[in-house]
Each structure stands twice: as C-alpha cells, then as structure tokens.
Amino acid sequence: MTKRQKKNLIRCIAAGTVLVAVYLVAHFLDLPWWAELTLFLVPYAIAGYDVVVSAVRNIFHGQILDEKFLMTIASLGAFAVGENAEAAIVMLFYQVGELFQSIAVGKSRKSIRDLMDIRPETATVVFDGQEKTVDPDEVNVGDRIIVRPGERIPLDGVVLSGGATISTAALTGESLPVYKKEGDAVVSGCIDLDGVVVIEVTADAESSTVTKVLELVENASEKKARSENFITKFAKVYTPAVVASALLLAVIPPLFLGINSGSVWAEWIERALTFLVVSCPCALVISVPLSFFGGIGCASKRGVLLKGASDLETLSKIRTFVFDKTGTLTEGTFHVTAVHPHKMSEEELLDVAALAESYSSHPIAESIVLAHGGHLDKKRVGNVTERAGYGVEAVVDGEKVYVGNSKFMKEVGAECHECDDCGPCHHHAGTVVHLAHENKCLGHITVSDIIKKETPTVISELKTLGITKTVMLTGDHEEAAKEIAAESGVDEYVAELLPAQKVEATEKLFSPNKKLAFVGDGINDAPVLMRADVGIAMGGIGSDAAIEAADVVLMDDDLSKLPLSIRISRRTMRIVRENIVFAIGVKLAVLILAAFGLASMWLAVFADVGVCVLAVLNAMRALRLPKKFLPKKA
C-alpha cells in the first residue's frame with residue numbers, strides 16, 4: 001500500500017475502534033440525546049471529515065450531485081432522525097470501501113507502471129574515447145553509446161561493435177531473447193543480457209521506440225469506448241433522478257397518507273436516506289473504466305498496444321479480417337528464384353536489373369541487388385525515377401531501361417509476357433519483374449516471398465473465434481497471390497492492386513453490422529489502416545506511419561498476437577457487461593426495497609460500497625491472462 005492508503009487504513013481502524021466503544025457506552029448508559037449525538041459524531045468525524053469537507057467544497061464549484069454529496073446528506077440525515085449509530089457506520093463503511101477500491105485500482109495500474117519502467121534514465125555516451133553518463137534527451141542522432149550487461153538500451157540504433165543477447169520481453173512480450181551483432185538494429189527499452197555493445201544512435205529520445213510506446217499507453221484512456229460514454233451519460237442523468245426520487249419519497253407519502261406524525265415523517269425520511277445511500281453510481285463509474293484499463297494493460301504486457309478503450313471495444317466486434325500480403329502473411333524477405341533473359345545471358349540481365357534497382361529501398365529491389373552479389377558501379381546509372389506500384393525507370397550505360405511489373409511494360413509499350421508463358425519457369429510462383437529497353441523486352445526475373453510458418457494456424461484460429469471472412473490484398477500477380485492464399489487458408493484474395501486501389505478493395509468488403517480490421521505493415525498501408533474500423537500495424541513500431549495510422553500496434557511480427565488480442569478484447573467486454581448488469585441489477589432491487597421500507601441502512605451500504613468493491617475486484621480480472629489464451633506456436 002501507498003503511504004496515503006496506510007494512513008487511511010489507520011484512520012478506518014481508529015474510527016472503528018472508537019465507534020465500538022461509543023456504541024457500548026450508549027447501549028449501557030441512559031444518555032440524553034445530545035450527549036449520544038456528540039459521542040457518535042467523534043467516530044463519524046474521524047472516518048468522514050474529508051468527505052464532508054469535499055462535498056461542501058464541490059457545491060461551491062458547481063459539482064453538487066456526486067457520491068460524496070450523497071453520502072454526506074444521507075449520513076447527516078440519519079443523525080437528524082436519531083439513527084446516530086447508522087450514520088457513523090455508513091461513513092465508516094464508505095471509507096473502508098474507498099480504501100479497498102484504491103488498493104484494487106493501484107494493483108491494476110501496476111502493470112502500466114511496470115511498462116513505464118522500460119524508459120532508461122541515463123545513457124553512456126562515448127566522446128573521443130571517453131565515456132560520459134548523460135540524460136537520454138541530451139544524446140543526438142549519430143552519437144555513439146555503450147551498453148553493458150544488465151542495462152537497458154536507452155535509444156534506438158545500430159550495433160557498431162560487439163554483440164549481446166537482447167531481451168525484448170518488455171516491448172514485445174516475447175520471452176525468448178535474440179542475439180544482436182554488428183550491423184543489427186536495436187530498439188530502446190530492451191535489456192542487454194550478456195555482452196558489451198557500442199551503438200550508433202539513429203533516433204533521438206523523443207522519436208525513440210520506448211517513447212512512442214509510452215505515449216500510446218498513456219494516451220489510451222483519452223479514447224473512451226461507447227460503454228464508457230454510456231456510463232458517463234447514465235451517471236449524469238441517473239444521479240439527479242434518484243436525488244429527486246428520494247426527495248419525493250420523503251415528502252409525498254406522508255402528505256398522501258394525511259398523517260401529521262413525527263414518527264411517520266421520520267420513517268419516510270429514513271427510507272429516502274437509505275434510497276440515497278443505495279443510489280451512488282460509483283460501482284459503474286469506477287469499475288467500467290477500470291475494466292478497460294485492465295484489458296489495455298494486459299494486452300500491452302503481451303506486446304499489443306491499443307490506442308484507446310474504443311479500439312478495444314471495436315476489436316471485440318471484428319468479423320472480417322483483411323490482410324496485406326508482404327510482411328504480414330509472408331516473411332517479407334524476397335529471393336530471386338528464376339532469371340530468364342531474351343538474347344542475353346542471365347548474368348547480363350541480372351546486372352542491368354541490379355544497377356537499375358540499386359537506388360531503390362523496395363524489398364524486391366533489394367533482393368535483386370542481393371542476388372547479383374557482385375560490385376555495382378553506380379557511375380553506370382543515371383536519371384533514376386521510381387514509380388510506386390509499377391517499377392523503376394533508369395539510364396544504364398547510357399540507355400534507358402524499364403524494370404517493373406506487366407502494367408509498367410504495357411504503359412511503356414514493351415511486349416513482355418508473364419513467366420508462366422515461357423515454359424521453363426512456370427513452376428516458380430512469385431512476383432515477375434520485367435526488363436525492357438525502349439519498347440523491347442530484355443527478359444524477366446521471378447522474385448518469391450515465403451509464407452510465415454504461423455500464418456495457417458493463425459487464420460484457422462481466427463475462424464474458430466467467429467471471424468466470418470478473411471481476405472488477402474496484394475500487388476502481386478494472380479498466380480503468386482493464388483498460391484499464398486491457398487497456403488495461408490484465407491477465404492478470398494485480390495491481386496495486382498496498386499497502393500491506392502487497396503482502399504477501394506477494402507471499401508467493397510465493408511458490410512452492415514460487421515466490423516472490419518485491416519492488418520498491414522503500417523508504412524505503405526497507412527490509408528487502409530485509417531479507413532478500417534480497426535487498423536492493425538504489423539511489426540511497424542519503429543514507423544511513424546504505424547503509430548499515426550493504426551489503432552492497434554503489434555510490437556513484433558508475430559501473427560499469433562491477433563487471436564490473442566481478439567480474446568483479450570472479448571474477455572474485457574464480457575467483464576464490462578458483467579459489472580454493468582450486476583451493479584444496475586443490485587441497485588435497482590435494493591432501491592425498490594428501500595422505497596417499500598424493506599431495506600435497512602446496512603443493506604444500503606452493501607448495495608453501494610459492497611457492490612462497488614465486488615465490481616472493482618471483477619474488473620481486476622481483466623489484468624490477468626488465462627493460460628488458454630496464450631498464443632499457439634506453429
């Protein structure tokens with residue numbers, strides 16, 4: 001417990017002890033009414049002086065109908081009708097309930113605080129061979145930092161020297177560490193387990209991975225779910241309604257009965273006070289947001305970052321999943337599987353293609369350069385123009401060449417045929433890259449991507465979770481798309497799409513009452529991520545596009561996090577519904593009993609404090625992940 005919680009616990013114990021002593025004195029001694037009232041005011045003041053002060057202060061700030069106001073009116077009203085012991089007990093139980101709630105909420109926030117601990121407080125920078133410990137905010141891009149075993153990597157960068165086993169569990173939820181050597185990229189927040197590494201910083205503190213992660217989690221509470229908005233609006237209407245009902249309950253029946261008796265008025269006033277105690281909506285106001293907070297915290301510990309409660313709620317309703325192919329369903333690492341030249345050697349065709357693609361960062365271009373394997377004299381290349389969704393236009397050895405897909409060849413007037421038409425390589429499914437000089441076809445290269453080993457299992461799991469449609473969108477040609485779709489198990493696929501056409505293809509998949517999620521790499525698919533009901537970025541935590549466009553960010557390339565996130569969201573929503581039904585149901589039942597004089601102040605306290613504590617404890621379940629929810633490894 002915190003110091004404040006310990007202080008409140010001591011105060012509750014003191015108030016309870018004094019209350020028992022006062023009750024015994026009042027029971028065994030025949031005291032005048034004013035003496036008994038004075039005695040019971042002592043434990044009442046110990047337990048609830050701050051509640052009364054806060055209620056009065058809130059009145060002056062225009063916040064009248066809150067739970068502290070209701071508790072103050074109800075308890076002071078009990079004193080007014082002579083129920084001194086009940087007045088003190090109500091306030092004591094209220095404070096005990098508040099203490100339990102505070103402890104429960106504190107435990108639920110612990111998962112988020114643990115996540116916040118991944119931000120390193122210092123960085124060791126190397127200047128002219130000298131080490132200096134500074135704040136990460138003082139480190140610039142290009143600086144060199146040194147990280148030793150047991151330390152967290154303070155900033156994103158690339159390993160310049162050394163090697164170490166890195167734990168990424170805090171960021172991705174992956175328990176298995178990975179080995180990083182010279183040339184490998186590393187991200188902030190991970191722990192160096194066993195080696196000394198020198199890292200060249202590639203992103204400052206503000207742009208680092210750990211900062212983006214923390215901003216996502218910290219801002220998650222700003223996006224309220226429909227259930228939370230409902231509770232907020234409900235409380236605003238509900239509280240004034242029950243206060244007015246309590247006032248009518250205290251006044252109308254005695255007037256209607258026509259009995260001008262003090263005992264009758266006292267009885268109905270007590271019923272109204274009981275009604276007020278029951279009416280506090282704190283069980284809903286506290287437990288529902290806490291449930292969402294717990295679900296978001298549970299997901300974040302497993303490497304699934306949700307931007308808000310509204311995204312978690314929408315995720316639970318997803319029935320259609322649309323996937324980008326490259327880097328999502330497949331590894332995204334391309335390999336040249338066939339080279340078929342026309343009137344030139346394979347080496348010459350690959351040489352021209354590699355030179356033209358040498359200025360492109362596209363994965364297919366990089367695979368062609370890698371397949372070339374030799375030295376590329378970039379002086380032979382000039383006037384390179386990259387056409388998104390088509391290919392590259394370049395001048396190689398003084399002659400203009402075109403490297404790209406069949407659409408590009410048609411545009412430039414080159415008659416190039418697909419790989420399947422040439423006989424020898426019809427068995428190679430993949431992306432066909434054509435080469436042309438002016439309008440003459442020079443040949444083509446087949447580049448293939450391989451499916452992720454977990455993809456079929458994940459698609460199957462999604463279907464068992466009630467996902468009614470899975471669709472793959474890709475810019476690849478028909479044959480490559482068909483093969484990947486068959487291997488992965490998706491229901492449908494759409495091939496040969498330009499980046500802009502993916503939005504149109506996604507639009508056609510929307511249907512009433514069925515929420516749609518799009519899963520992409522978060523860089524090229526930003527427009528589709530934003531258009532989907534839920535945009536999920538795969539492996540894009542280092543990308544600004546992923547952070548901005550996606551609603552959910554998976555912090556590694558593990559597709560098995562998709563079924564896990566669905567299960568967490570649905571379990572969280574089930575807990576939310578349980579709390580809403582339980583809290584409203586119990587309160588309505590006790591309110592009716594109170595109106596008919598069948599509910600005592602003790603039952604009213606349970607309906608308020610007890611229900612709130614039980615709802616909060618139920619909400620805490622959202623923090624824990626059942627073992628059956630853990631991802632199934634392919």
Side-chain angles (χ1 to χ4, degrees), residues 141-142 157-158 183-185 200 202-203 324-327 330-342 344-414 416 430-449 474-477 480 497-500 521-526 539-540 542-545:
V141 174
V158 176
D184 290 340
E200 182 177 342
T202 57
D324 175 47
K325 179 184 78 70
T326 305
T330 63
E331 293 288 352
T333 53
F334 293 89
H335 303 278
V336 172
T337 53
V339 180
H340 290 275
H342 298 168
M344 63 192 315
S345 68
E346 291 186 10
E347 290 76 13
E348 288 175 322
L349 182 69
L350 194 56
D351 186 54
V352 173
L355 284 167
E357 297 277 26
S358 61
Y359 286 94
S360 174
S361 60
H362 193 283
I364 290 178
E366 292 176 347
S367 70
I368 292 175
V369 173
L370 182 65
H372 180 274
H375 171 70
L376 292 173
D377 183 4
K378 292 190 177 183
K379 293 180 181 179
R380 296 167 58 191
V381 186
N383 298 329
V384 179
T385 303
E386 189 164 1
R387 298 278 302 279
Y390 285 91
V392 172
E393 175 185 328
V395 174
V396 178
D397 294 330
E399 296 184 343
K400 184 177 289 188
V401 295
Y402 304 96
V403 184
N405 55 27
S406 57
K407 292 181 182 179
F408 196 20
M409 296 301 107
K410 289 179 182 178
E411 183 178 291
V412 300
C416 294
T431 299
V432 177
V433 180
H434 298 281
L435 280 82
H437 167 51
E438 300 297 342
N439 62 347
K440 296 180 181 180
C441 189
L442 300 178
H444 56 264
I445 298 171
T446 304
V447 179
S448 301
D449 190 9
T474 178
D476 280 353
H477 67 84
L497 294 172
L498 296 175
D521 59 18
I523 301 173
N524 300 321
D525 299 313
S543 161
D544 289 335

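As a basis for the values below, the full set of heavy atoms in this structure was taken, side chains included, without hydrogen atoms, waters or symmetry mates.
Between Phe408 and Tyr390, the two ring planes are perpendicular [angle over 60°; tilted spans 30° to 60°].
Residues forming a side chain to side chain contact (heavy atoms under 4.5 Å, CB included) with Val384 (at least two apart in sequence, or on another chain): Tyr359, Val381, Val392, Ala394. Partners of Ala414 according to the side chain to side chain contact (heavy atoms under 4.5 Å, CB included) rule, which considers only residues two or more places apart in sequence or in another chain, are Met409, Val412, Cys416, Ala436.
No donor-acceptor pair closer than 3.5 Å links the side chain of His444 to the backbone N or O of Pro341. The closest donor-acceptor contact from the side chain of Thr337 to the backbone of Thr446 lies under 3.5 Å.
Residues Ser367 and Val336 come closest through the heavy atom pair O-CG2, 3.8 Å. Across every non-hydrogen atom of Val403 and Glu357, the tightest pair is CG1-OE2, 3.5 Å. Nearest heavy-atom pair, Glu386 versus Ser360, reported as atom, atom and distance to 0.1 Å: OE2-OG, 2.9 Å.
Residues Val352 and His437 form no side-chain contact, since every pair of their non-hydrogen atoms from C-beta on lies 4.5 Å or further apart. For the pair Leu435/Val401, no side-chain contact is recorded, criterion being any heavy-atom separation below 4.5 Å from C-beta on.
To the nearest 0.5 Å, the span separating CG on Leu349 from CE on Met344 amounts to 5.5 Å. For the atom pair CD1 of Ile445 and NE2 of His434, the computed distance is 11.0 Å after rounding to the nearest 0.5 Å. Atom NE2 of His372 and atom CG of Leu370 lie 11.5 Å apart (nearest 0.5 Å). In this structure, Ile368 CD1 and Asp351 CG are separated by 12.5 Å, a value rounded to the nearest 0.5 Å. In this structure, CD on Glu366 lies 10.5 Å from CZ on Phe334, to the nearest 0.5 angstrom.
For Asp377, the CG atom is densely surrounded, since the number of other residues' heavy atoms within 6.0 Å is greater than 12. Around atom NZ of Lys407, more than 12 heavy atoms belonging to other residues, nucleotides or ligands sit under 6.0 Å away.
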